[in-house]
Every structure is written in C-alpha cells, then in structure tokens.
Number of protein chains: 2
Amino acid sequence: MARSTIVELARAAGVSPTTVSHAFSGRRYVDPETKARIVALADKMGYRANPRARRLRTGGAGIIALASSMPFAIAAGPARLGFLMEIAAAAAVTALSRHLALCLVPPLEPDSNLDALEVDGAIIVEPTSDDRLLEFFSARGVPVVSIGRAPGRDDIPSVDIQSTATARLMLEHLGANNRRVGLITGEQRRNSYIETEAVYAAFAAENGYTPVALRVNESGGEGEAAAIAETLLRGNPDIDALCVPVDAFATGVLTAARSLNRSVPLGLRLATRYDGMRAKLSVPQMTAVNLHLDQVAEAAIDLLIAVMEGKDPERRPIAPPLLVVRESSAT
Amino acid sequence: MARSTIVELARAAGVSPTTVSHAFSGRRYVDPETKARIVALADKMGYRANPRARRLRTGGAGIIALASSMPFAIAAGPARLGFLMEIAAAAAVTALSRHLALCLVPPLEPDSNLDALEVDGAIIVEPTSDDRLLEFFSARGVPVVSIGRAPGRDDIPSVDIQSTATARLMLEHLGANNRRVGLITGEQRRNSYIETEAVYAAFAAENGYTPVALRVNESGGEGEAAAIAETLLRGNPDIDALCVPVDAFATGVLTAARSLNRSVPLGLRLATRYDGMRAKLSVPQMTAVNLHLDQVAEAAIDLLIAVMEGKDPERRPIAPPLLVVRESSAT
DNA sequence: CCGGCTATGCAAATCGTTTTGCATAGTAAG
DNA sequence: CTTACTATGCAAAACGATTTGCATAGCCGG
C-alpha cells in the first residue's frame with residue numbers, strides 16, 4: 001500500500017504542507033487547534049514522514065557505523081568477537097533509543113567499496129595507530145569518535161575505557177603477597193596496550209624489580225600467546241603472576257601453565273581484562289575486569305551525537321572498572 | 001567540502017545531467033567516447049552520487065536489518081549472543097559486498113519506536129512462533145526472510161539451518177554403543193527445537209525406548225538448565241547420553257553432571273549444537289556441530305535480496321552440518 | 001487613522017538524483 | 001523523395017519532505 005504523503009495529509013486537514021511540516025517539527029508556531037487536528041488525522045491516515053525524502057533535505061542518514069579494524073569475522077577467529085559484539089549489542093540498543101540505526105562495518109579490505117555506505121558518524125572500537133577505518137571515515141568528513149583513545153590522534157574524541165585504572169587494578173591485585181608480575185600484551189599499537197604497559201613499567205619500578213613484558217602478534221592468537229608465555233615463564237622463573245589483558249591470550253597462558261606444570265593460581269596467578277565468556281568458562285575461571293561496556297557503548301553514542309551536532313561533548317562519567325576475582329588469582 | 005553534484009559534473013563534461021546519469025547506470029545508450037569522458041572527469045572531480053538523493057528517487061534504503069527476538073544484550077546474558085553475533089559478523093561482510101549495510105535491530109521493547117528505521121528488508125534469526133519482530137516487519141510490508149523456518153509461517157522464505165540433519169547427527173553419535181539418549185531443548189517454539197524434538201522421538205522409537213525429553217525456560221539460562229538436567233538424570237537413571245542443542249544449557253548440564261558425580265563422557269555423553277566459544281572452552285570440551293554459519297548468513301542475504309527484487313529465490317545449497325567430536329562424547 | 005506588532009499560514013524554492021518523453025541528425029530502405 | 005529507423009542527448013517532471021520569504025488579518029498604542 002502506498003503510504004500517504006504530506007500533501008495528502010495537508011489536503012485532508014485543509015492546510016498547506018508547510019503547516020503540516022511545522023506542526024510536527026515545531027520549527028514555527030502552529031495554532032494548537034490546527035496542530036491537534038493534523039496530528040489526529042495523521043494518526044488516522046497512518047501518515048509517517050518518508051525518511052528518505054526527509055534525509056535528502058536535511059542531509060542526515062539516520063545511521064551510525066560501528067567499526068573495528070580487528071578482523072571481524074573469521075580472520076582472527078572469534079577471539080576478539082566477544083568484546084566487539086558485546087559493545088555492538090549494547091550500542092544497537094542505545095542507538096535505537098536515540099533514533100539512529102547502528103550499522104556494522106567489517107574491516108576494510110583493500111578492494112572493499114564503501115561508497116554506498118552513507119552514515120552520519122562512526123564509532124571505532126579500540127583503534128590502532130594509523131587505523132584504516134578511522135582514516136577512511138575522517139577523510140570523508142564523517143564525524144568519528146573512538147572507544148579507547150586513538151593513538152597519535154588526540155583530535156578524535158573518545159570514550160575512555162579506563163585502561164590505566166584497569167591496569168592498576170589488575171596489577172595491584174596480582175602483585176599482592178609479594179608476587180612478581182609479568183605482562184603480556186599485543187603487538188598492535190592500541191591505546192589500551194600502551195597505557196597498560198606504561199602503568200606496568202611504573203608498577204614494576206615501584207616494587208623494585210625489572211619489568212618483564214612481552215608482546216604477542218595478534219594474528220597468532222591463542223597458540224602464539226601460549227608460546228610466548230612459555231618463553232617468558234622459562235626465562236623468568238621469579239615471575240609468579242601474569243597480567244594478560246587480552247582474554248584470548250590469557251587462555252593461551254593457561255595452556256602454557258599446564259604444559260609447564262605450573263598450577264594456577266598457586267604457582268601462577270593470572271588476570272585478564274575483558275570479562276567475557278572466555279574468562280567465565282575457562283578452567284580455572286579467570287579473574288577479569290568489569291569494564292561496564294554497556295555504559296561505554298552508551299557514552300560513545302552520545303558523544304558521537306554531540307560531535308555530529310557540533311555541540312560541546314559533555315563528558316559522562318563511566319563507573320570505575322571493577323575487579324571480578326575468580327579462581328585464577330584467588331589467594 | 002561540499003561534494004560535487006551531477007549538475008556540476010555534467011557542466012564540466014559539456015553534457016546534460018541526464019547523460020551523466022545514463023553513463024553510470026547504463027539504462028540508456030551513451031556514446032562510448034562521451035561516457036569515457038564523463039567517467040574520467042568524475043574520477044578527477046571526486047564525484048560520487050549522493051546516496052540520499054538516489055534513494056529518494058529509487059525508493060531503496062540500502063540497508064537491511066538483522067534481528068532476533070532473543071533478548072539481545074544483557075537480558076538473557078551473553079548466552080545466545082555468540083550464535084547471533086557470529087551470524088551478524090558474517091552477514092555484515094556479505095551485505096557490504098552486495099552494497100547493503102547491515103543494521104542490528106534490538107528486540108522490540110513495548111515502548112520502542114522503530115518508525116525512523118527504514119530498511120529494505122529484514123533477516124530474522126530463528127524466529128519463534130508469533131515472533132514480534134517478524135510481525136512488525138511484515139506488517140510494514142518490509143520483505144522478510146528468516147534463518148531457520150518461522151513456525152506457522154510457511155509464507156516466509158527461509159534459509160534452512162538443517163536442524164533435522166543436525167539432530168540426527170548428534171543423536172546417532174551420542175547413541176553409539178547402545179547409549180540411551182535424552183533430550184533437552186527450550187520452551188520457546190523455534191523451528192530448530194521442533195524439528196529436533198521430532199527427530200528425537202523417531203530416534204527413540206527406532207531404538208525401542210521411551211523418549212525422555214525436557215524443556216528449559218530460556219530466561220532461566222544455565223542455572224535453570226542445570227536444575228532440569230538434574231531432575232532428568234535422577235528420574236531416568238538409564239539415560240547415559242544427552243543431546244542439548246542450546247550451548248548455554250549444555251554448560252548447565254555439565255554443572256549438573258558434576259554435582260551428580262557423573263563423569264563426562266564416561267558416565268554421560270554430551271553434545272550440543274552451536275560450536276561456539278562455550279563448546280570449545282568448557283571442560284570437558286563439548287562435541288558440537290559446525291553449522292557453517294558463514295554460509296548460512298551469506299545465503300540469507302542473497303535470499304533476502306532475491307525476495308526484495310521479486311525474483312525467484314534460487315536455493316543455494318549449504319554444506320551439510322559437520323560433527324566436531326570432542327571430549328564430552330569421546331568413546 | 002497610521003505605524004508597528006503578533007499570530008497564523010501559504011507559495012515556492014530547494015535537496016540531487018532518476019526517468020520519461022521528446023528532438024535532432026544521420027542513414028538506410030522503399 | 002518519402003518513410004522508418006537508429007543513435008545520441010536534452011528538458012523537465014518526478015521523488016516527498018523542509019525551509020524561507022512573504023501575506024493577511026487582527027490588534028494595540030499614539
């Protein structure tokens with residue numbers, strides 16, 4: 001059935017399309033009685049403004065993109081999927097309540113053609129330095145915000161995922177009882193790694209030992225992490241706690257511990273960052289951090305909306321990260 | 001920077017906007033030489049057709065929705081998130097390659113307002129009978145397809161997730177060596193449950209025993225499943241294998257087995273359907289089925305496109321489900 | 001009675017495409 | 001020399017809203 005247009009509604013209400021438009025938008029005063037008549041009639045006729053026509057005029061798409069340069073689907077396995085998708089799910093809910101649709105953007109393949117993709121703004125999750133999707137959107141003049149600061153791009157507004165606080169939280173917990181803590185992060189340059197490494201360096205200094213930190217190539221995934229962890233543990237027998245922010249890597253560390261016959265948590269304490277299924281289901285269950293990703297997602301969307309509207313982004317506080325202590329680091 | 005319009009490009013090329021339009025769309029013949037000139041110039045000027053204007057004219061939104069009535073985010077915990085999100089990730093990639101954006105639609109809250117959401121089509125993942133989102137979209141005349149048939153809605157085209165074959169696969173594997181198999185599904189009426197239950201009934205009959213099947217209320221999640229499993233196992237001591245398609249429920253069953261002191265797989269063999277993180281990370285690791293969700297997602301999108309275009313949907317074959325045998329059912 | 005204000009509403013331009021219907025020139029067939 | 005047809009391209013009308021710039025009427029104060 002063809003939907004009725006503003007012209008038909010106007011005719012039915014005995015006014016001009018202009019008046020109908022104003023009645024709904026409130027951009028100009030319309031006699032309350034007239035307005036009521038229009039609204040009632042619109043309801044009866046099932047009139048809904050054609051979003052496409054509106055967009056041509058107003059220049060908005062009503063869509064925002066959520067993107068991560070981390071290989072999206074199979075590429076790096078579902079390793080990172082959980083984190084991203086938890087954000088995606090929360091963001092979709094929030095976006096909708098702000099009358100925006102959330103569109104998932106896969107990582108940019110060299111040949112992919114995003115020309116038809118018309119969005120009002122984009123959220124990039126944990127961008128790396130020189131993030132390709134970030135470049136892509138900002139080159140097009142699309143407003144962009146990030147979840148986790150974009151390294152080297154202080155001009156990009158971002159929602160803090162509190163990596164510094166999170167790192168401290170993990171480190172102090174792991175280091176209790178004079179445990180000596182090592183660190184395993186990833187090779188890509190993401191802000192969360194950078195901050196964590198910095199906090200770790202300071203932490204080791206405070207406690208008077210040499211930092212022991214290694215990086216895993218992300219595409220190697222769990223297996224690579226296991227190998228690196230083995231190296232680290234063999235080479236540094238005094239390390240008896242490991243901070244491993246990436247949950248997939250932490251699972252790898254568990255494997256390494258097993259093959260080295262180091263019991264967790266007795267011989268090795270372990271904590272990871274993202275409290276997803278991996279942390280909850282691994283054996284032993286892993287201590288992790290509640291990052292309040294739902295709040296983060298919501299804040300990111302509202303930040304993006306503010307940027308799109310050219311408003312001053314009002315920084316909304318996110319609940320501080322919360323350590324969820326589990327078996328892997330129980331005293 | 002204001003992007004150049006078709007009028008400017010036309011002027012620069014010394015032709016009319018019409019000709020430019022035809023040059024790109026190919027809907028009418030344009031002299032090859034003229035066309036080449038236009039294309040070259042467009043490239044130089046960085047002309048890209050304004051998608052919004054195009055859509056107003058052609059009536060497409062360039063967006064498809066992916067929806068599931070399963071509580072999306074927190075509601076039922078991340079239980080189902082994995083399955084849905086694996087599809088979402090694959091679908092996003094495929095959609096983009098077909099020049100469509102994939103938009104995530106959260107479940108319909110009573111108060112949610114989807115008016116602004118304008119999509120060309122929708123994919124519903126495993127709809128229940130009387131699925132609200134399915135109703136919503138089809139009431140609006142939006143083309144809809146489903147992943148997994150919509151119970152009672154044979155008019156909705158769907159991509160088969162091969163529940164019958166999957167069920168047989170699991171049951172025959174579990175029932176080897178004269179094991180007696182029980183079944184745990186969910187309360188909602190999804191096609192996959194329905195088919196699985198039917199296959200199971202037949203299977204039990206073939207093997208000459210009374211079927212033992214219970215349903216778990218989905219919102220109870222893992223804990224509820226554990227309770228139900230305990231009841232089932234206590235009440236039917238001869239059951240020494242369980243087919244539990246929902247992975248979150250299967251995790252619950254593992255808990256139940258532990259508290260009943262039934263070792264898995266020796267005292268109880270177990271298999272689940274979705275081969276996600278749960279299956280891979282649980283202890284013992286669970287036998288599951290590779291459903292080829294990437295292929296399913298791709299097929300769903302192409303099916304939807306066919307429906308949107310009013311074409312005859314060409315049924316594309318999906319690779320048969322593949323049993324991934326793991327510890328939970330090892331002989 | 002006049003200038004100036006408010007309240008109310010309409011006409012027409014605009015957004016940037018796509019598409020339809022015609023126009024012209026050239027050419028081949030009868 | 002018509003007629004008929006092809007090749008090529010343009011003008012103008014959509015698409016359905018939003019927005020700007022008037023227009024009218026009524027009213028007030030001086």
Side-chain angles (χ1 to χ4, degrees), chain A residues 1-39 41-42 45-63 99 115-120 140-141 309, chain B residues 1-39 41-42 45-63 99 115-120 140-141 309:
Chain A
M1 29 111 230
R3 260 163 48 175
S4 46
T5 74
I6 198 174
V7 177
E8 289 162 7
L9 175 55
R11 190 170 7 242
V15 297
S16 77
T18 311
T19 305
V20 173
S21 177
H22 289 327
F24 286 115
S25 70
R27 313 246 328 159
R28 286 235 185 139
Y29 185 90
V30 173
D31 185 82
E33 205 169 302
T34 314
K35 186 191 286 192
R37 197 177 65 237
I38 292 174
V39 170
L41 213 48
M45 299 172 56
Y47 167 78
R48 274 174 290 131
N50 179 328
R52 293 191 276 270
R54 167 178 301 164
R55 279 171 201 146
L56 171 58
R57 189 61 234 244
T58 60
I63 310 172
H99 297 271
D115 274 357
L117 184 61
E118 186 78 359
V119 296
D120 296 330
R140 290 202 163 199
E309 290 175 348
Chain B
M1 32 117 224
R3 260 163 46 176
S4 48
T5 74
I6 199 174
V7 177
E8 289 162 5
L9 174 56
R11 188 164 15 237
V15 297
S16 78
T18 311
T19 305
V20 173
S21 177
H22 290 327
F24 285 116
S25 70
R27 313 243 330 157
R28 285 234 186 139
Y29 186 90
V30 173
D31 185 82
E33 205 169 300
T34 314
K35 186 190 287 192
R37 196 176 66 237
I38 293 174
V39 170
L41 214 46
M45 299 172 57
Y47 167 78
R48 275 173 290 131
N50 179 329
R52 292 191 278 268
R54 167 177 301 164
R55 279 171 201 146
L56 171 57
R57 191 60 235 245
T58 60
I63 311 172
H99 297 269
D115 273 357
L117 183 62
E118 185 79 0
V119 297
D120 296 329
R140 290 202 163 199
E309 290 175 347

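Naming convention: chains lettered A, B, ... in sequence-line order (proteins, then strands); numbering from 1 in each chain. This structure is a prediction, so every number in the text was calculated from the model and none was measured.
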Enquirer: On a heavy-atom basis, which atom in R55(B) and which in A61(B) lie closest, and how many Å separate them?
Expert: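 Answer, listing the atom of R55(B) first, then A61(B): NE-O, 3.1 Å.
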
Enquirer: Output yes when a side-chain donor or acceptor of R52(B) lies under 3.5 Å from a complementary backbone atom of G59(A), and no otherwise.
Expert: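 Looks like yes, one N/O pair under 3.5 Å.
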
Enquirer: Closest approach of A12(A) and M45(A), non-hydrogen atoms and distance?
Expert: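 Between these two residues, the closest heavy atoms are CB-SD, 4.0 Å.
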
Enquirer: To the nearest Å, give me how far apart CZ (R27(B)) and P (dG21(C)) are.
Expert: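 Rounded to whole Å, this separation is 13 Å.
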
Enquirer: Under the side-chain contact (heavy atoms from CB on, under 4.5 Å) criterion, do L9(A) and L41(A) qualify, and how do the steps go?
Expert: CA-CA 7 Å; L9(A) 175 55; L41(A) 213 48; 3.9 Å; yes

Enquirer: Got a sec, which residues hit side chain to side chain contact (heavy atoms under 4.5 Å, CB included) with T19(A), two or more places apart in sequence or on another chain?
Expert: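 Testing T19(A) for side chain to side chain contact (heavy atoms under 4.5 Å, CB included), a comparison that skips the adjacent residues, returns V15(A), S16(A), V30(A), T34(A), I38(A).
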
Enquirer: Between protein and nucleotides 7-17 of chain C, map the contacts as a letter string: B base, S sugar-phosphate only, - none, heavy atoms under 4.0 Å, written 5' to 3'.
Expert: -SBBBBBBBBB

Enquirer: Quick one: closest heavy-atom pair of P17(B) and A10(B), and the distance?
Expert: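 Scanning both residues, the minimum pair turns out to be N-CB, 3.5 Å.
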
Enquirer: For residues 21-28 of chain A, tabulate all N or O donor-acceptor pairs below 3.5 Å that involve a side-chain atom, not counting sequence neighbours.
Expert:
{"residue": "S25(A)", "atom": "OG", "partner": "S21(A)", "partner atom": "O", "Å": "3.2"}
{"residue": "S25(A)", "atom": "OG", "partner": "R27(A)", "partner atom": "N", "Å": "3.2"}

Enquirer: Taking side chain to side chain contact (heavy atoms under 4.5 Å, CB included) as the test, write out the residues that go with R54(B), two or more places apart.
Expert: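 Result, side chain to side chain contact (heavy atoms under 4.5 Å, CB included) vs R54(B): A49(B), T58(B).
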
Enquirer: How bent is the helix from dC1(C)-dG30(D) to dG30(C)-dC1(D), comparing axes over its five end pairs at each side, to the nearest 10°?
Expert: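 Nearest ten degrees gives 60° for this helix.
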
Enquirer: Would you kindly give the CD-to-P distance between E8(A) and dG16(D), to the nearest whole Å?
Expert: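 The answer, rounded to whole Å, is 9 Å.
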
